[in-house]
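Please read the structure below before turning to the comments.
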2 protein chains.
Amino acid sequence: MNTVRGARERARIEVTAAIKDEARRQLAAEGAAKLSLRAVARQLGMVSSALYRYFPSRDELLTALIVDAYDSAGAAVETASADAAGAPPRTRWLAAATALRAWALAHPHEYALIYGSPVPGYRAPQDTVGPAARVADVFIAVIREAHTGPGLALPPLPAGLRAEAERMTEDFARGLPPAVTAALVGVWAQLVGLISFEVFGHFQNVVTESERDRFFAHHADRLAREVGLPGPAPAA
Amino acid sequence: MNTVRGARERARIEVTAAIKDEARRQLAAEGAAKLSLRAVARQLGMVSSALYRYFPSRDELLTALIVDAYDSAGAAVETASADAAGAPPRTRWLAAATALRAWALAHPHEYALIYGSPVPGYRAPQDTVGPAARVADVFIAVIREAHTGPGLALPPLPAGLRAEAERMTEDFARGLPPAVTAALVGVWAQLVGLISFEVFGHFQNVVTESERDRFFAHHADRLAREVGLPGPAPAA
DNA sequence: GTCTATAGGCGGATAGAC
DNA sequence: GTCTATCCGCCTATAGAC
């Protein structure tokens with residue numbers, strides 16, 4: 001009885017995975033807006049109504065794909081950061097940023113799903129906020145570690161932003177100097193913007209493909225400086 | 001005869017405009033991927049086949065919308081830059097950046113069309129490259145003007161990027177110091193990224209809505225510094 | 001859990017009359 | 001330029017048998 005239950009559960013997990021895999025393939029071909037349960041079923045040799053036993057609606061399938069994408073990106077960035085443990089903070093930042101870019105280039109459609117234009121008509125449920133934070137948290141952790149000693153020099157914040165920066169710090173970056181938190185939030189958006197431009201093709205005819213690694217490294221490093229990280233060569 | 005021809009042409013222009021207007025409304029409701037000639041026709045009280053006299057295919061309609069969006073954004077930014085003529089370069093940069101953000105927030109779906117995820121299955125024809133350059137050219141012009149005198153201090157470029165920076169300069173930013181061109185391209189992507197994060201909702205629960213103007217100004221100004229623009233108060 | 005069948009839609013594109 | 005008619009395809013979702 002237990003083994004039967006186990007077998008059934010295993011089967012369910014396998015079918016669920018197959019559905020998501022096929023859905024990801026369709027994402028690449030047609031985009032999230034046109035993701036269709038029927039087409040997935042057809043490709044899998046099932047009948048569309050059978051899928052409803054696994055995902056109660058198209059949107060739930062989409063949610064699962066979004067959560068998976070955040071987790072996949074998060075894992076990639078976490079690994080890169082862990083591999084660079086002990087390295088100077090700026091090196092570690094660069095490793096994390098490079099890992100995110102590499103993941104984005106390797107999974108452009110899943111990247112678009114989480115950092116591109118919102119899917120029209122889709123309302124992200126609460127389930128996505130945890131996974132969404134995972135990637136950003138790696139960058140926060142890298143910076144937090146660099147700031148355990150005396151705070152690093154960062155130009156003082158304009159008076160009008162101080163209260164907001166303190167609130168943000170309290171909310172999701174406890175322990176950082178508020179000026180660093182404020183810088184980080186903007187820099188994070190800019191880092192994703194840099195990656196998006198490349199993934200979405202806006203560097204075509206602008207930045208030569210063979211130079212893009214270097215180009216990205218240059219700018220990602222500049223962004224590290226903006227959040228107050230000292231250079232790889234320990235700056236006195 | 002001439003008046004008849006004139007009347008016909010006028011009618012054609014009006015209908016074409018009505019089609020694009022309705023298409024823009026649909027863009028907002030359903031997204032570019034689901035833009036449908038049939039639905040546009042239905043809403044306009046026409047029959048779908050009639051639209052083919054104005055746009056030979058769905059993709060041509062989409063192209064028209066993209067070109068219009070680039071032009072609309074370009075005009076907004078150009079106006080802001082012209083209004084700030086004579087102001088210190090950094091003020092002018094900020095005016096242009098702020099205008100782009102305001103346009104984006106006022107036209108989120110058209111913004112997504114040009115700076116968001118690519119529309120699956122749609123191949124941008126050559127017609128879009130001219131209008132696409134229009135917005136970026138305003139920023140190039142602002143910087144060019146600031147650099148007519150002696151070049152501004154910007155940290156030297158890593159050796160590996162020098163050749164690429166010189167090529168870019170030659171291609172679309174003639175007259176700028178190569179280090180500035182290289183900075184500008186990355187900064188431009190980052191500026192758009194900053195705007196995208198806000199427009200696409202990634203600042204929800206992160207940056208308080210009432211603080212976003214200030215937050216953007218802070219970071220846009222930081223970006224101006226990164227391309228070598230001197231501050232609003234003329235720095236000796 | 002999977003199937004068939006069904007309801008009640010939607011789409012792009014073309015031909016040929018007026 | 002606009003119409004009707006048509007081809008041929010697509011979709012979400014549910015009911016009810018097995």
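Order of the sequence lines fixes the chain letters, A, B, ..., with proteins taken first and strands second; residue numbering starts at 1 for each chain. Only a predicted model underlies this, so the values are computations on that prediction, with no experimental measurement involved.
- B:R53 comes within 4.0 angstrom of a base, heavy atoms only.
- Put simply, A:Y52 has no side-chain N or O that comes within less than 4.0 Å of OP1 or OP2 on C:dC3.
- One interatomic measurement links the two molecules: CD of B:E30 to P of C:dC10, which rounds to 12 Å at whole-angstrom precision.
- The number of heavy atoms from other shown groups lying within 6.0 Å of CG (A:D21) is above 12.
- Without hydrogens or angle criteria, A:T128 side chain to A:A124 main chain gives no donor-acceptor distance under 3.5 Å.
- The distance from atom CD of A:E60 to atom P of D:dA13 is 10 Å, rounded to the nearest whole Å.
- Considering only side-chain N and O atoms, B:S36 lies under 4.0 angstrom from the phosphate OP1 or OP2 of C:dG12.
- Note on B:S57: only backbone sugar-phosphate atoms sit closer than 4.0 angstrom, heavy atoms only; bases stay farther off.
- The CZ atom of B:R42 sits 5 Å away from the P atom of C:dC10 (whole-angstrom rounding).
- Under 3.5 Å, the side chains of A:T208 and B:R167 contain a donor-acceptor pair of N or O atoms.
- Between B:R12 and A:D59, the residue whose closest nucleotide on DNA chain D is further toward the 5' end is B:R12.
- Aromatic ring orientation, B:W188 versus B:Y115: perpendicular (interplanar angle above 60°, classes split at 30° and 60°).
- At the heavy-atom level, A:R58 lies under 4.0 Å from the strands shown only through sugar-phosphate atoms.
- Between the CD atom of A:E14 and the P atom of C:dT2 there is a distance of 12 Å, given to the nearest Å.
- Counting any heavy atom pair closer than 4.0 Å across all strands shown, A:L51 reaches no nucleic acid atom.
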_Checking B:T63 against B:Y122 for the side chain to side chain donor-acceptor pair (under 3.5 Å) test, could you report, in this order, the C-alpha distance in whole Å, the side-chain angles of both residues, the deciding distance, and whether it holds?_
CA-CA 9 Å; B:T63 298; B:Y122 171 80; 2.6 Å; yes
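- In this structure, CG of B:L61 is placed 15 Å from C1' of C:dG11, rounded to the nearest angstrom.
- Separating the OH atom of B:Y122 from the P atom of C:dG12 is a distance of 16 Å, rounded to the nearest angstrom.
- Atom pair B:Q26:CD and C:dC10:C1' shows a separation of 12 Å (rounding to whole Å applied).
- The CZ atom of B:F55 sits 13 Å away from the P atom of D:dG1 (whole-angstrom rounding).
- Place B:K34 and A:R38 on DNA chain C by their nearest nucleotides, and A:R38 ends up nearer the 5' end.
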